[in-house]
2 protein chains.
Amino acid sequence: METSKKRSECPLSCSLDVFGDKWSLLIIRDLIFYKKGTYNDFLKSEEGIATNILASRLKALEENGIIEKSAHPESKAKILYRLSKKGIDLLPIIVEIYIWSDKYFSMPLEIKQIIKEAKKDKDKFVKQITKELKSQ
Amino acid sequence: METSKKRSECPLSCSLDVFGDKWSLLIIRDLIFYKKGTYNDFLKSEEGIATNILASRLKALEENGIIEKSAHPESKAKILYRLSKKGIDLLPIIVEIYIWSDKYFSMPLEIKQIIKEAKKDKDKFVKQITKELKSQ
DNA sequence: TAATTTTGCTTGCATATTGCAAGTGCAAAT
DNA sequence: ATTTGCACTTGCAATATGCAAGCAAAATTA
């Protein structure tokens, strides 16, 4: 996925140009909910992203200002990927997808539980997680 | 995009298997906000979807229960595509994408105006449009 | 009534994207 | 000094996308 010229002025279309593929939101999910942050973390996710695709997605997400590279506190060999403000702001979208899923898919209980909490008070849930992410 | 077996039990991943591509949400946008309903309507959208891709997306959306074919009131030659309940329920996701876009993209004033209204009271906005769609 | 246009597709083919396996260079651990 | 871990890159096959042309049934026009 090269950083392509936008297809139209429609903000939905522009948004999909940024994260409208099968992998980007899963990487962002890993950053938000599973506290993953390194290349190998993402590689190990159960969906099994191919290594070259992961590299290209990370590059695109960085170019689009969704994530940022930073030094890993433990080792110079590691790179820590972190969500930018712009990336953290995608959380409400992901929450709505989860809530939609909850209506139409079955899923592991642990996730169902998280969604239940999110539904109870969306704004509170989003603010809570946003705060956590920013403090990292 | 064939109707592929799911990559994982993650509801986000499953959702992306349904609408996580560059075109599906644009078709749904057209159904929701532009009152489009026929094959040619979708073809004419400014993003310029290819005819074979449109056909494959409509088929997939139908197989996933997001849209339904119905008889067109004006003509037997025409087919009216309509959102199912499951499809209408995607509206909160699209609204959140719009709201995110509003923060990070510039866009036509008319759309900015719609988003402004959506932000004022999300629930009201969603309910209003849902009602309209169901009454069609 | 016959010819033309509209509608919703399908088909063929070139190009682009994805997926898989193997390899590379640097850092860190043994 | 050697092996392992990490973040990639490369090559190539498989799949998906984009573009142009074609096609059958219905609707319109002549």
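In the text below, chain A, chain B and the rest are named by the order of the sequence lines, each starting its count at 1. We use all heavy atoms of the structure for the numbers below, so side chains are in, but hydrogens, waters and symmetry mates are not.
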From CD1 of A:Ile49 across to C1' of C:dC20 the rounded distance in Å is 13 Å

In whole angstroms, the gap separating P of D:dA16 from CG of B:Asp17 amounts to 12 Å

A:Lys22 NZ to D:dT15 P: how many Å, rounded? 16 Å

note: A:Leu26, atom CG; C:dT18, atom P; distance rounded to Å ~ 13 Å

Toward the 5' end of DNA chain D, which comes first, A:Ala77 or B:Lys76, by nearest nucleotide? A:Ala77

When B:Asn52 and A:Ile53 are each assigned the nearest nucleotide of DNA chain C, the 5'-most assignment goes to B:Asn52

Treat each ILVMFWY residue as a node, draw an edge where side-chain heavy atoms are under 4.5 Å apart, and state whether B:Ile32 and B:Leu80 are in one component. no

Spacing of B:Leu43 atom CG relative to C:dT6 atom P, expressed in whole Å: 14 Å

Value in whole Å for how far the P atom of D:dA7 lies from NE2 of A:His72: 8 Å

Taking OP1 and OP2 of C:dC9, is either one under 4.0 Å from a side-chain nitrogen or oxygen of B:Lys69? yes

Under 4.0 Å between any heavy atoms, over every strand shown, what does B:Thr38 touch: base, sugar-phosphate, or nothing? Just pick one. sugar-phosphate

Crowding at NZ, A:Lys35 (>12 non-hydrogen neighbours, <6.0 Å): yes

Report the nucleotide, chosen from C:dT18, D:dA21, D:dT9, that has the shortest atom-to-atom distance to any side-chain atom of A:Arg57. C:dT18

Between A:Ser75 and A:Ala50, which has a closest nucleotide on DNA chain C that is more 5'? A:Ala50

Rounded to whole angstrom units, what separation is found between the CG atom of B:Asp21 and the P atom of D:dT17? 7 Å

B:Ser13 side chain to B:Lys6 side chain, donor-acceptor N/O pair below 3.5 angstrom: no

Have a look at B:Lys59 and say if it touches a base, only the backbone sugar-phosphate, or nothing, with a 4.0 Å heavy-atom cut-off. nothing

If you measure from CD on B:Glu96 to CG on B:Asp102, what distance do you get to the nearest 0.5 Å? 11.5 Å

Once you round to the nearest 0.5 Å, how far does OG of A:Ser45 lie from CZ of B:Arg7? 11.0 Å

Please tell me if B:Trp23 has a side-chain N or O lying less than 4.0 Å from either OP1 or OP2 of D:dA16. no

Given atom NZ of B:Lys44 and atom P of C:dG8, what is their separation to the nearest angstrom? 9 Å

